[in-house]
> 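Quick one: this structure, given as structure tokens, is what I'll be asking you about.
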There are 2 protein chains.
Amino acid sequence: MGENIKNISKEQIVAAAAKLFKQKGYTSSSMRDIAAALNIEAASLYHHIKNKEEILDIICFDMAKRFSGAIAEVNDIYFNAEEKLRKAILHHVEIITEDIDKSAVFLREWRSLPENSLQDFMLLRNQYETEFTRIVENGIEEDVFEAVDKKFAVLSILSSVNWINEWYQADGKMKPQEIAQRISDFVMGGLRKKLVTDPHYRP
Amino acid sequence: MGENIKNISKEQIVAAAAKLFKQKGYTSSSMRDIAAALNIEAASLYHHIKNKEEILDIICFDMAKRFSGAIAEVNDIYFNAEEKLRKAILHHVEIITEDIDKSAVFLREWRSLPENSLQDFMLLRNQYETEFTRIVENGIEEDVFEAVDKKFAVLSILSSVNWINEWYQADGKMKPQEIAQRISDFVMGGLRKKLVTDPHYRP
DNA sequence: AAATTTGCCTAACAATTGTTAGTCGGATGG
DNA sequence: CCATCCGACTAACAATTGTTAGGCAAATTT
């Protein structure tokens, strides 16, 4: 093929779109913007994708599946509640930092999904939240966690890990593992200093 | 004045816009949408406001000023670090729940501010974050807080309180004070159960 | 070698966008 | 009572939007 053939892949389109969606938002990013980022014309995009909504759909559900898969894995393998929660947080942080563009879209732009997809998406999101809650639940039953408001604790934890997306930079000093560790430590121990006088106090 | 005179105020426009901006986002809400919500024509809006950007500007900076004012007040009055942090969290929660529409716009839509305003806005946001960090800093110096990564702890706290905006409903069961209390408790104590055998342990 | 498919292009469309111009009746102030 | 102003209106604009039609050359298949 000639000089005009660039053999753009669907994944390239999705990646370029995700980058733009993160920068300017879904509705403010035009098909021409996406095309320009790939050095092609807007019409050419339609040889690879159905329409603009499909791009958002792919990004949101691709990310949703990654999260679902991770929490399922954790719930299958690890036993202890604290360990489970730490692994769940770690995986969450890894997925977010792995692709900040797509996870930004997943976190911010899902509201622009067409109504039909929107319902499916929110269902997946709720399921993920429920799985997370179950871990905290287990911890309370096993008497290793305080009997806090489960739903509330989970919302706090998830908001903390999701917020990473706002400040994380791949070239930064902090590795995903360190971030996950600090969040986990904070979630477990809190801010207040433990004034321990008993040598038998643990942990 | 005749039947066509509805005497719409600037505040009414801003409130209607905030509601729409929360629902559909800034760029997906048209001037005609805003006008329709007020039962007037799009052109009529321009007798009260300069342009669409001004509406976003008003919402974002109005909210920013409320937050700045609250943290300044806390830093002026309260002495103890834990008390300071609790009050700061309480005020933050109150401001967010007081007007969920505007705070949703403040939290999500500020990216659409014109470049000039955007810089000012981010400056205010950073100042607020700094004030918050100072409280945690004090707590560590006073030896009542664990020597955690300050910046990191603050990001976790702020993300938790901001997330309220996603699920809070004014008609819900939880009052702002309760929410603030639970967040504060979680922030202070964390999730892990304190196994205390010493009766002198506190708290 | 012929026929088809692939991957891009140009051109154009209808709809929607923010915004401006100009109008007009009623309220207000001298 | 006259002049001005206020607060809405209709009409229109230029630009931008997502998307489609149709073409054309290179690559692939038959």
Side-chain angles (χ1 to χ4, degrees), chain A residues 1-21 23-60 105 109-118, chain B residues 1-21 23-60 105 109-118:
Chain A
M1 287 185 179
E3 42 186 318
N4 267 351
I5 306 301
K6 291 135 192 170
N7 264 310
I8 302 288
S9 70
K10 199 165 179 174
E11 172 51 33
Q12 274 179 288
I13 293 176
V14 170
K19 189 173 176 183
L20 278 166
F21 292 172
Q23 277 173 24
K24 324 200 304 172
Y26 174 73
T27 31
S28 298
S29 308
S30 72
M31 295 299 272
R32 284 166 182 84
D33 289 337
I34 300 171
L38 297 162
N39 265 309
I40 62 175
E41 295 297 317
S44 308
L45 292 169
Y46 290 86
H47 277 264
H48 302 90
I49 53 146
K50 208 172 116 269
N51 50 32
K52 194 187 176 188
E53 280 180 350
E54 200 205 352
I55 304 180
L56 184 60
D57 225 85
I58 291 174
I59 298 174
C60 289
V105 176
E109 303 296 330
W110 57 269
R111 275 170 248 264
S112 298
L113 283 169
E115 191 143 9
N116 196 10
S117 304
L118 191 59
Chain B
M1 289 182 177
E3 41 187 319
N4 267 350
I5 305 301
K6 292 135 191 170
N7 264 309
I8 303 287
S9 70
K10 199 164 180 175
E11 173 52 33
Q12 274 178 289
I13 293 176
V14 170
K19 190 173 177 182
L20 278 167
F21 292 171
Q23 277 173 25
K24 326 201 304 173
Y26 174 74
T27 30
S28 297
S29 308
S30 72
M31 294 300 273
R32 285 167 181 82
D33 290 336
I34 300 171
L38 296 162
N39 266 308
I40 60 174
E41 294 299 316
S44 308
L45 293 168
Y46 289 87
H47 276 265
H48 303 89
I49 52 145
K50 212 173 113 264
N51 50 32
K52 194 186 175 187
E53 280 179 350
E54 199 205 352
I55 303 180
L56 184 61
D57 225 85
I58 290 174
I59 298 174
C60 289
V105 176
E109 304 296 331
W110 57 270
R111 277 170 247 267
S112 298
L113 283 169
E115 190 142 12
N116 195 10
S117 304
L118 191 60

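Every chain is numbered from 1, with letters handed out A, B, ... down the list of sequences. Just the heavy atoms: all of them, side chains too, but no hydrogens, waters or symmetry mates, feed the values below.
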> Contact class for A:S29 vs. all strands (heavy atom < 4.0 Å): base, sugar-phosphate, or nothing?
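Contact class for A:S29: sugar-phosphate only.
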> Side chain of A:M31: nearest nucleotide among C:dG18, C:dT20, D:dG18?
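Comparing C:dG18, C:dT20, D:dG18 against the side chain of A:M31, the answer is D:dG18.
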> Is it the case that the side chain of A:H48 and the backbone of A:I8 share a donor-acceptor pair, with hydrogens and angles ignored and the cut-off at 3.5 Å?
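Pair found, side chain donor or acceptor close to backbone of A:I8.
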> If you compare every side-chain N and O of A:S44 against the phosphate oxygens of C:dC9 (OP1, OP2), does one of them come in below 4.0 Å?
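So the side-chain polar atoms of A:S44 do come within 4.0 Å of the phosphate oxygens OP1 or OP2 of C:dC9, strictly under.
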> Short question: side chain of A:K6, backbone of A:I40 - any donor-acceptor pair under 3.5 Å?
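Not a single qualifying donor-acceptor pair exists.
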> Send over the distance from B:E54 CD to C:dG18 C1', rounded to a whole Å.
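In whole Å, C:dG18 C1' and B:E54 CD are 14 Å from each other.
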> Nearest to the side chain of A:H48, heavy atoms from C-beta on, is which of D:dT10, D:dA8, C:dC8?
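My answer, after comparing the listed nucleotides, is C:dC8.
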> For the side chain of B:R32, starting at C-beta, report the closest nucleotide among C:dG18, D:dT20, C:dG7.
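Among the listed nucleotides, the one closest to the side chain of B:R32 is C:dG18.
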> Side chain of B:K52 only, heavy atoms from C-beta on: which candidate in C:dT19, D:dT10, C:dC8 is closest?
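Closest nucleotide among those given: C:dT19.
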> Is any side-chain heavy atom of A:L56 less than 4.5 Å from a side-chain heavy atom of A:E109?
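Yes, at least one pair of side-chain atoms sits under 4.5 Å.
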> Return yes if some donor-acceptor pair links the side-chain N/O of B:D33 with the main-chain N/O of B:S30 below 3.5 Å, else return no.
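Indeed, once roles are kept as given, a pair shorter than 3.5 Å links the two residues.
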> Taking the minimum atom-to-atom distance to the side chain of B:A43, which one of D:dT19, D:dC9, C:dC9 wins?
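Of D:dT19, D:dC9, C:dC9, D:dC9 is nearest to the side chain of B:A43.
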> Quick one: is A:N7 getting a side-chain N or O under 4.0 Å of the C:dG7 phosphate, OP1 or OP2?
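Checking C:dG7 against A:N7, a side-chain N or O does come within under 4.0 Å of OP1 or OP2.
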> Please state how far atom CD1 in B:I40 lies from atom C1' in D:dT10, giving the value in whole angstrom units.
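Interatomic distance, CD1 of B:I40 to C1' of D:dT10: 14 Å.
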> Just compare D:dA8, D:dG22, D:dT10 and give me whichever is closest to any side-chain atom of B:I8.
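Closest nucleotide among those given: D:dA8.
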> Whole angstrom is fine here: how far is it from CD1 in B:I49 over to C1' in D:dA8?
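Distance check: B:I49 CD1 to D:dA8 C1' gives 15 Å.
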> Please state how far atom NZ in A:K50 lies from atom P in D:dG18, giving the value in whole angstrom units.
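These atoms are roughly 15 Å apart.
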> Mind calculating the distance between NE2 (A:H47) and C1' (D:dT20) to the nearest angstrom?
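Roughly 10 Å, once rounded to whole Å.
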> Determine: side-chain N/O of A:K6 to OP1/OP2 of C:dC9, distance under 4.0 Å, yes or no.
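Yes.
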> What is the distance from CD of B:Q12 to C1' of D:dG7, rounded to the nearest Å?
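About 13 Å, once rounded to whole Å.
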> Rounded to whole angstrom units, what separation is found between the CD atom of A:E41 and the P atom of D:dG23?
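Rounded to whole Å, this separation is 19 Å.
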> For the side chain of B:Y46, starting at C-beta, report the closest nucleotide among D:dT19, C:dC9, C:dT20.
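Among the listed nucleotides, the one closest to the side chain of B:Y46 is C:dT20.
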> Counting N and O atoms only, with roles assigned by atom type, does the side chain of A:K52 sit under 3.5 Å from a partner on the main chain of A:Y26, one being a donor and the other an acceptor?
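Checked: pair present.
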> What integer distance in Å separates A:I55:CD1 from D:dG18:C1'?
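In whole Å, D:dG18 C1' and A:I55 CD1 are 11 Å from each other.
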